[in-house]
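What follows is a set of notes on a single structure, which appears directly below.
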Amino acid sequence: MLKSAIDSVLNELLEILGQLSNEQYREPQPQLSGASIGAHVRHILELFVCLEQQYATGEVNYELRARDLTVQTDRSVAARVIQSLFHQLDKPNKNLKLHQSFDQGILKMQTNYHRELAYNLEHCVHHQALIRVALLSMPEVVFEDHFGVARATMQYRKQCAQ
C-alpha cells in the first residue's frame with residue numbers, strides 16, 4: 001500500500017516533467033520565492049535517494065544528501081532518478097536511527113524504514129503543492145485535481161461534499 005502510494009506521486013511528477021521544457025523546469029519562479037520547479041523536484045528526489053543509500057547502514061541523515069544540480073536543471077536526469085526509485089523502494093522494513101540537527105546539536109532518534117518512506121511520501125506531496133502554485137501560471141500544463149493535495153485532505157473534502 002505504501003509503495004503504491006509513493007509510485008503514484010512519483011508518476012504524477014513524471015507526468016509533469018513530460019509536459020515542461022527544460023527552460024520551464026529550471027526557470028526561477030516568483031511564486032516559489034525564486035526557486036524553480038526543478039529545485040523542488042530535486043529536493044523531493046534527493047530525500048528518497050538519501051534514504052535508499054543510507055538504508056544499509058541503519059542510520060539516516062537527510063542533511064548528507066548529494067544536492068545534484070543536474071537533477072534540478074535537466075528533466076531527463078530527474079526522470080531517470082524517478083525510474084530508478086520505482087525499483088529501489090521495496091526494501092524490507094527495519095529499524096533505523098534518524099540523525100536530525102537542531103541549534104543545540106544533533107538528535108539521534110529511533111525510526112524505521114516504513115516510517116521514513118511515509119515521511120518522504122508526505123514531503124513529496126507538500127512540495128507538489130508548491131510546484132502546483134507555479135504550474136497555475138502555465139495553462140498548457142495539465143495535471144490532476146489531486147496533484148499536491150494530501151490524501152487526508154482529499155478524503156475530508158469528500159466527506160464535506162456529501
Side-chain angles (χ1 to χ4, degrees), residues 1-20 24-25 29-55 58-65 67 71-72 75 78-79 81-102 107-139 141-162:
M1 185 163 74
L2 181 58
K3 172 83 164 70
S4 66
I6 293 169
D7 286 352
S8 178
V9 297
L10 291 177
N11 270 315
E12 290 172 358
L13 277 179
L14 275 177
E15 289 176 22
I16 297 300
L17 293 179
Q19 296 180 64
L20 297 173
Q24 290 170 310
Y25 181 69
Q29 299 291 322
Q31 312 91 315
L32 301 176
S33 301
S36 66
I37 291 170
H40 283 273
V41 171
R42 176 193 52 80
H43 181 68
I44 290 166
L45 299 179
E46 285 185 347
L47 265 63
F48 277 113
V49 169
C50 188
L51 175 61
E52 293 309 304
Q53 289 176 341
Q54 297 177 19
Y55 173 88
E59 299 199 14
V60 178
N61 184 338
Y62 293 115
E63 294 172 16
L64 299 178
R65 61 190 184 274
R67 293 175 172 89
V71 174
Q72 178 172 321
R75 297 170 309 118
V81 172
I82 292 171
Q83 292 293 342
S84 71
L85 286 171
F86 286 138
H87 305 291
Q88 296 174 0
L89 299 174
D90 58 355
K91 294 177 175 57
N93 194 27
K94 74 174 190 178
N95 289 330
L96 301 170
K97 189 165 287 192
L98 178 67
H99 296 230
Q100 182 67 50
S101 292
F102 295 97
L107 177 64
K108 296 179 184 179
M109 61 191 101
Q110 289 298 314
T111 187
N112 64 60
Y113 181 63
H114 286 168
R115 173 65 190 102
E116 293 307 307
L117 283 177
Y119 164 76
N120 276 275
L121 171 61
E122 291 302 313
H123 178 258
C124 180
V125 172
H126 165 74
H127 279 274
Q128 284 179 330
L130 295 169
I131 292 168
R132 180 187 184 110
V133 171
L135 294 176
L136 292 174
S137 67
M138 302 175 191
V141 178
V142 178
F143 52 90
E144 299 290 334
D145 288 339
H146 63 266
F147 181 77
V149 179
R151 300 310 180 244
T153 301
M154 289 188 293
Q155 290 172 347
Y156 177 73
R157 288 177 181 170
K158 281 183 185 177
Q159 290 173 349
C160 291
Q162 296 175 354

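In this text the structure is predicted, and so the values were computed from the model without any measurement. This chain uses plain numbering: 1 for the first residue, then up along the sequence.
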Report the distance from atom [atom1] of [X] to atom [atom2] of [Y], rounding to the nearest 0.5 Å.
| X | Y | atom1 | atom2 | value |
| --- | --- | --- | --- | --- |
| Leu13 | His40 | CG | NE2 | 12.0 Å |
| Leu121 | Arg151 | CG | CZ | 7.0 Å |
| Ile37 | Leu17 | CD1 | CG | 9.0 Å |
| Phe48 | Asn120 | CZ | CG | 4.5 Å |

Tell me, please, which residues at least two apart from [X] pass side-chain contact (heavy atoms from CB on, under 4.5 Å).
| X | result |
| --- | --- |
| Phe86 | Asp7, Leu10, Asn11, Leu14, Ile82, Gln83 |
| Val81 | Leu45, Val49, Val71, Leu85 |
| Glu63 | Asn61, Gln100, Ser101 |

Next item on the list: Might you confirm whether atom NZ of Lys97 has over 12 heavy atoms from other residues, nucleotides or ligands at distances under 6.0 Å?
Entry: no
Donor-acceptor pair, side chain of [X] and main chain of [Y], under 3.5 angstrom:
| X | Y | result |
| --- | --- | --- |
| Gln19 | Val142 | yes |
| Arg75 | Tyr25 | no |
| Arg65 | Cys50 | no |

If every non-hydrogen atom of [X] is compared with every non-hydrogen atom of [Y], which pair is closest and at what distance?
| X | Y | result |
| --- | --- | --- |
| Leu89 | Lys3 | O-CD, 3.4 Å |
| Ala78 | Val41 | CB-CG1, 4.1 Å |
| Cys124 | Ile44 | SG-CG2, 3.6 Å |

Identify all side-chain donor-acceptor contacts of residues 128-137 below 3.5 Å with residues at least two apart in sequence or on another chain.
| residue | atom | partner | partner atom | Å |
| --- | --- | --- | --- | --- |
| Gln128 | NE2 | Val9 | O | 3.0 |
| Arg132 | NH1 | Asp145 | O | 3.0 |
| Arg132 | NH1 | Phe147 | O | 2.6 |
| Ser137 | OG | Gln31 | NE2 | 3.1 |
| Ser137 | OG | Ala134 | O | 2.8 |

Checklist line | CA sep, side-chain torsions, deciding dist, call: Glu12, His146, side chain to side chain contact (heavy atoms under 4.5 Å, CB included) | finding: CA-CA 10 Å; Glu12 290 172 358; His146 63 266; 2.8 Å; yes
Can you list the residues that meet the side chain to side chain donor-acceptor pair (under 3.5 Å) rule with [X], with sequence neighbours excluded?
| X | answer |
| --- | --- |
| Glu144 | none |
| Glu59 | His99 |
| Ser8 | none |

Next item on the list: Using the test salt bridge (charged side-chain N to carboxylate O under 4.0 Å, His left out), find all partners of Lys108 that sit at least two apart in sequence or belong to another chain.
Entry: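 Lys108 satisfies salt bridge (charged side-chain N to carboxylate O under 4.0 Å, His left out) with no other residue.
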Item checked: Those residues that, when tested against Asp90, pass salt bridge (charged side-chain N to carboxylate O under 4.0 Å, His left out) (two or more places apart) ->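 Asp90 satisfies salt bridge (charged side-chain N to carboxylate O under 4.0 Å, His left out) with no other residue.
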Check: Going by the salt bridge (charged side-chain N to carboxylate O under 4.0 Å, His left out) test, which pairs reach into residues 33-51, not counting sequence neighbours?
Finding: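 Sorted result for residues 33-51: Arg42-Glu46.
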Note to self: Restricting to ring pair (Phe, Tyr, Trp, His ring centres under 6.0 Å), what partner residues turn up for His123, sequence neighbours left out?
What the structure shows: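 Ring pair (Phe, Tyr, Trp, His ring centres under 6.0 Å) list for His123, sorted by chain: His43, Tyr119, His127.
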Pairs under 3.5 angstrom only: tabulate donor-acceptor contacts from the side chains of residues 111-118 to other protein residues two or more places apart or in another chain.
| residue | atom | partner | partner atom | Å |
| --- | --- | --- | --- | --- |
| Thr111 | OG1 | Glu116 | OE2 | 2.7 |
| Asn112 | OD1 | His114 | N | 3.1 |
| Asn112 | OD1 | Arg115 | N | 2.8 |
| Tyr113 | OH | Glu52 | OE1 | 3.3 |
| Tyr113 | OH | Glu52 | OE2 | 2.7 |
| Glu116 | OE1 | Tyr62 | OH | 2.7 |

